[in-house]
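One structure is given here, and the rest of the page talks about it.
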Amino acid sequence: MGIKNSKNDRMVVLACEDCKERNYTTTKNKKTLKERMEIKKYCPKCNRHTVHKETK
């Protein structure tokens, strides 16, 4: 059961809003999601859950 990656899926890097640490990578369909992703995830450097935004 592998992950299917279409030609529209792109790897994006998520960075913590508080400490600016780049912690996570994920895929996103550029055709359906035009704006930048914003997900609340755990940051090991801040040692708590914070908002992570997509970086360039």
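Owing to the predicted nature of the structure, the values given are computational and were not obtained by experimental measurement. For reference, positions follow the sequence shown, starting with 1.
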For the student: nearest non-hydrogen atoms of R36 and K28, plus distance
CA-NZ, 4.0 Å
Heavy-atom closest pair, residues K34 and K31
CE-O, 3.6 Å
Counting only pairs under 3.5 Å, give me each side-chain donor-acceptor contact of residues 18-26, with atom names and distances, residues two or more places apart or in other chains.
residue : atom : partner : partner atom : Å
D18     : OD2  : R48     : NH2          : 2.8
K20     : NZ   : E17     : O            : 3.0
N23     : ND2  : H52     : NE2          : 3.1
Y24     : OH   : Y42     : O            : 2.6

Residue K53 excluded, over 12 heavy atoms near NZ under 6.0 Å:
no
Atom pair CD/NZ of E38 and K41 - distance to nearest 0.5 Å
13.5 Å
Quick one: does T55's side chain have a donor or acceptor within less than 3.5 Å of a partner on L14's backbone?
no
Any chance you could pull the hydrophobic cluster mates of V51, using side-chain heavy atoms under 4.5 angstrom and chaining through other members?
none
Min side-chain heavy-atom separation M37-I39 under 4.5 Å:
yes
Side-chain heavy atoms of N8 within contact of K30, under 4.5 Å
no
